[in-house]
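Right, one structure below, let's go through it.
In what follows, every chain begins at residue 1, and chains take the letters A, B, ... in the order their sequences are listed. As a basis for the values below, the full set of heavy atoms in this structure was taken, side chains included, without hydrogen atoms, waters or symmetry mates. As the structure is a computational prediction, the values presented were derived from the model and not from experiment.
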2 protein chains.
Amino acid sequence: MAMIRKPDDDAVQPGLLTELIGYNLRRAQMAVFGDFHRILESEDIRAAQFAILEILRRNPGLRQTQAGTALGIKTANFGPMFDGLERRGLVERRSIAGDRRAKGLFLTDAGTHMLGRLDDQVTAHEQRFAARLGLGGKSQLLGLLHRLSDPAFDTSY
Amino acid sequence: MAMIRKPDDDAVQPGLLTELIGYNLRRAQMAVFGDFHRILESEDIRAAQFAILEILRRNPGLRQTQAGTALGIKTANFGPMFDGLERRGLVERRSIAGDRRAKGLFLTDAGTHMLGRLDDQVTAHEQRFAARLGLGGKSQLLGLLHRLSDPAFDTSY
DNA sequence: TATTGTTATACTCTATAACTATA
DNA sequence: TATAGTTATAGAGTATAACAATA
């Protein structure tokens with residue numbers, strides 16, 4: 001067998017990519033979400049569904065458009081996602097007095113209990129990653145991330 | 001018309017979500033990628049395809065498994081993604097002397113030129129977001145993100 | 001036996017457009 | 001006319017499993 005040099009994966013030169021904020025955001029998100037998904041598996045729900053449940057815990061009675069806007073989910077996609085949760089009895093739509101087009105969204109008791117079962121695990125997950133960031137690292141990170149997501153920090157206009 | 005109070009979108013209480021590192025990573029990534037996608041539209045390519053082109057610019061001759069591993073794309077998915085670029089003449093597979101299973105991946109001249117056309121726009125995009133982060137903010141952010149994506153910082157084992 | 005890559009397939013998420021019903 | 005929500009549909013991205021060829 002000839003001694004063809006097999007390139008080592010570690011020897012891949014990162015180049016421009018690792019200098020890009022967006023690429024590094026994606027890598028970090030993959031790591032954090034991978035861990036988070038493992039937790040949600042225990043209740044067989046997805047991250048997007050968890051976000052819906054969580055925002056309804058804090059804001060019972062929200063309308064679909066509001067919940068969707070707050071989470072960055074389009075109206076046309078929110079409906080089917082919510083249907084899945086409703087079929088499992090975790091949430092419910094209630095009619096709103098005064099506007100027969102809109103519906104108020106609520107957690108059921110089953111939904112509330114599921115979130116309760118996840119609370120400790122989610123807290124542990126969060127603390128694991130906060131620990132990686134060191135003292136004050138998390139609040140520093142969140143501050144920087146808000147500058148990226150908040151259009152008010154865009155000075156290019 | 002009755003004076004039903006229509007809840008204001010701004011009044012949605014964020015709750016737990018905005019305390020989660022993962023959720024804030026996602027929001028920031030949506031903002032940065034939204035801007036980035038607008039740039040890539042001009043050449044009609046996707047972010048994942050850009051990443052493939054970019055890593056081949058720096059690492060010509062990479063094998064599929066290596067490129068996929070480096071970018072976090074599974075082997076079974078890398079092939080079809082690469083096919084799309086190859087059909088457009090931006091990249092090519094070449095046989096490797098000594099291993100008839102593997103193929104070396106290369107940019108074509110067309111692929112190199114496309115990356116060249118994007119360079120200035122990508123740099124401008126990057127500077128826009130770096131500006132939002134303030135002096136030293138970007139290197140601070142990248143340092144924190146690496147702690148999240150690098151398993152070596154996981155102290156929970 | 002292990003590795004490189006392909007094929008098939010399914011699911012989630014995202015995006016757009018056309019539509020109904022109410023306001 | 002505008003708004004709340006639904007339906008249909010298409011595309012990208014991700015995941016697993018089975019497979020062929022080669023090492």
_Test of understanding: clusters of I, L, V, M, F, W, Y form through side-chain heavy atoms closer than 4.5 Å, transitively. Do A/Met81 and B/Tyr23 belong to the same one?_
yes
_Applying a strict under-4.5 Å side-chain criterion to I, L, V, M, F, W and Y, I'd like to know whether A/Phe36 and A/Leu133 cluster together._
no
_base_contact_polar (D/dA4 base, A/Asp99 side chain, donor-acceptor, <3.5 Å)_ = no
*Is a donor-acceptor pair below 3.5 Å formed from side chain A/Arg100 to base C/dT22, judging by atom type as modelled?*
no
Output yes when at least one side-chain N/O atom of [X] is less than 4.0 Å from OP1 or OP2 of [N], else no.
{"X": "B/Thr75", "N": "C/dT6", "result": "no"}
{"X": "A/Lys74", "N": "D/dG5", "result": "no"}
{"X": "B/Thr65", "N": "C/dG5", "result": "yes"}
{"X": "B/Arg93", "N": "C/dT6", "result": "yes"}
{"X": "B/Arg63", "N": "C/dG5", "result": "no"}
{"X": "B/Gln64", "N": "C/dT6", "result": "yes"}

_Which is more 5' along DNA chain D, the nucleotide nearest A/Ala76 or the one nearest A/Met30? Just name the residue._
A/Ala76
*Taking for each residue the nucleotide of DNA chain C bearing the nearest heavy atom, is the 5' side occupied by B/Asn77 or by A/Ile73?*
B/Asn77
Whether [X] side chain and [Y] backbone form a donor-acceptor pair below 3.5 Å:
{"X": "B/Asn24", "Y": "B/Leu20", "answer": "yes"}
{"X": "A/Thr108", "Y": "A/Leu90", "answer": "yes"}
{"X": "A/Lys138", "Y": "B/Glu19", "answer": "yes"}

Given atom [atom1] of [X] and atom [atom2] of [N], what is their separation to the nearest angstrom?
{"X": "A/Arg94", "N": "D/dG5", "atom1": "CZ", "atom2": "P", "result": "15 Å"}
{"X": "A/Arg46", "N": "C/dT14", "atom1": "CZ", "atom2": "P", "result": "11 Å"}
{"X": "B/Leu62", "N": "C/dT4", "atom1": "CG", "atom2": "C1'", "result": "14 Å"}
{"X": "B/Asp83", "N": "C/dA8", "atom1": "CG", "atom2": "C1'", "result": "14 Å"}
{"X": "B/Ile96", "N": "D/dA23", "atom1": "CD1", "atom2": "P", "result": "11 Å"}
{"X": "A/Glu86", "N": "D/dG5", "atom1": "CD", "atom2": "P", "result": "13 Å"}
{"X": "B/His37", "N": "D/dG11", "atom1": "NE2", "atom2": "C1'", "result": "13 Å"}
{"X": "B/Lys103", "N": "D/dT22", "atom1": "NZ", "atom2": "P", "result": "10 Å"}

*Between C/dT4, D/dT6, D/dT16, spot the one nearest the side chain of B/Ala102, thanks.*
C/dT4
*Among C/dT4, D/dT7, C/dT7, the one nearest B/Pro80 by side-chain distance*: C/dT7
*Mind checking B/Ala48 for me? I need base, sugar-phosphate or nothing, with any heavy atom below 4.0 Å counting as a touch.*
sugar-phosphate
*Parallel, tilted or perpendicular: which fits the ring planes of A/His37 and A/Phe33, with parallel below 30° and perpendicular above 60°?*
perpendicular
